[in-house]
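Here's the structure, in structure tokens; my notes come after.
Residue numbering restarts at 1 for every chain, and letters A, B, ... go by the order of the sequence lines.
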2 protein chains.
Amino acid sequence: MEGTPTSRAERRRRTEERILSAARAIFAERGFQRTTIRAVAAAAEVDPALVMQYFGSKQELFEQAVRIPSIPPLDGELEPVEELLGRIGMKMGPLPQATLAMMRSMLTHPDAAEEVRGKLDGQVAHLADAMGSGDAELRAALMVSTMLGVTIAHQLLGLTALRDASPERIAETLRPSLRALADG
Amino acid sequence: MEGTPTSRAERRRRTEERILSAARAIFAERGFQRTTIRAVAAAAEVDPALVMQYFGSKQELFEQAVRIPSIPPLDGELEPVEELLGRIGMKMGPLPQATLAMMRSMLTHPDAAEEVRGKLDGQVAHLADAMGSGDAELRAALMVSTMLGVTIAHQLLGLTALRDASPERIAETLRPSLRALADG
DNA sequence: GTCTTCGCTCAACAGTTGTTGACTCAACGA
DNA sequence: TCGTTGAGTCAACAACTGTTGAGCGAAGAC
């Protein structure tokens, strides 16, 4: 029993984070449309009106919830291709809720689609200009698409053959395939 | 101006098909949740109540609309793996609206997710038992996931690098990658 | 202690949704 | 010709949705 456990500013930050956390979880599980402000509020043990007061609209709540702390760009050492091949395992492991929420919504929420397309286009460009040859952009796009497909099948659809495979094993098995795309 | 262009039975079949066609288009474009009975009815130039009278519920309308005429199983000649590799091009070309509707909805509509998972699991099993070796099932699952990812990126997200690439070129570039998975 | 600020709740509005029942009218069988 | 069937419409209900404004009560400033 602390005397004054929460100052006003502290209280605000906590409930705000509680709402964001609940929103991330529900957006990730149901996608944008099927997520209701009321459901988020209930999960955060808060009145629905408070969610509006904090974030203005459902759309802005979504944007805030899926805004990712921006991964440190690169260690700058490895070639992008080698780095991707090295990080497959990590990308197969448990993804942040924000990413899942984004992916879950990208096929039915135009804004999410735009956002994801932009991010993927960026990865493609980044890979492509480290690959050189003529159809590098296409091959890079197929690498990114492959990662996307495996992630969806694994994390969102739960294909039975992938469900109980460890991230490392998936990464290992997938590597030759991506390698084939990386080279001509 | 035909005298009696439409018998009663004929009329019914036509409007039913008109509704189904409109439903497929809108489901494919917006997914299950964002598709409204009213929108389908309007596109079919029909009263919303008629849609209900014909199909009973939005869910049943969806099921009927995405029910695919079941592709002729196989020509029975080629090995499944070779057949997949041969048909990549076709799968990259314009897909039936029913398939697009299914894919569009699979991340946000539980029933669609279940259906797709089942279909993909089937393809995985079919591929896997033609591949033999130890981790065949995992490799088959990754092949299917790759196809899924490329299709999503190409048809639903519209990655810029894939948007203006011809189906044949995509198939050609993707083949070595899938080949690498098919062999150990 | 007082006044103010502000986190938070309550109750409600307005729009949209899936769904339903009563009704109209032309096609059909006798 | 006449009664019946069934395709199609109209108006409405009930539930749910995002969103809003008035108000309560405790933390903070003075």
Value in whole Å for how far the P atom of C/dA27 lies from CD of B/Glu10: 14 Å
For nucleotides 19-24 of chain D, which of its nitrogen or oxygen atoms have a protein nitrogen or oxygen under 3.5 Å away, and what is each distance?
unit_1 : atom_1 : unit_2  : atom_2 : d
D/dT19 : OP2    : A/Lys58 : N      : 2.8

From NE2 of A/His109 over to P of D/dG18, roughly how many Å is that when rounded to an integer? 11 Å
When the axes are fitted on five pairs at both termini, how much does the helix from C/dG1-D/dC30 to C/dA30-D/dT1 curve, in 10° steps? 0°
How are the rings of B/Phe32 and B/Phe27 set to each other: parallel, tilted or perpendicular (split at 30° and 60°)? parallel
May I have the distance from B/Ile19 (atom CD1) to D/dA7 (atom C1'), rounded to whole angstrom? 11 Å
What integer distance in Å separates A/Phe27:CZ from D/dG18:P? 9 Å
Is there a side chain to side chain donor-acceptor pair (under 3.5 Å) between B/Gln59 and B/His109? Walk through the geometry before answering. CA-CA 10 Å; B/Gln59 173 62 29; B/His109 189 295; 3.0 Å; yes
Letter by letter from the 5' end, nucleotides 1-6 of chain D scores (B base, S sugar-phosphate only, - none; protein heavy atoms under 4.0 Å) ----BS
Under 4.0 angstrom, heavy atoms only, what part of the nucleic acid is A/Tyr54 near: base, sugar-phosphate, or nothing? sugar-phosphate
Testing A/Glu10, A/Glu16, A/Glu17 one by one against A/Arg14 for a salt bridge (charged side-chain N to carboxylate O under 4.0 Å, His left out), which residue passes? A/Glu10
Does A/Thr15 have a side-chain nitrogen or oxygen under 4.0 Å from the phosphate oxygens OP1 or OP2 of C/dG7? no
CG-CZ distance between B/Leu174 and B/Arg179, expressed to the nearest 0.5 angstrom: 12.0 Å
Specify the separation, in whole Å, of atom CG of B/Leu50 and atom P of C/dG21. 16 Å
Give a yes or no on whether the backbone of A/Ala182 and the side-chain of A/Arg139 come within a donor-acceptor separation of less than 3.5 Å. yes
Should the pair B/Arg12 and B/Tyr54 be classed as cation-pi, given the thresholds of under 6.0 Å to the six-membered ring centre and 45° from the axis? yes
I'd like to know whether CD of B/Glu137 has more than 12 heavy-atom contacts from other residues, nucleotides or ligands below 6.0 angstrom. no
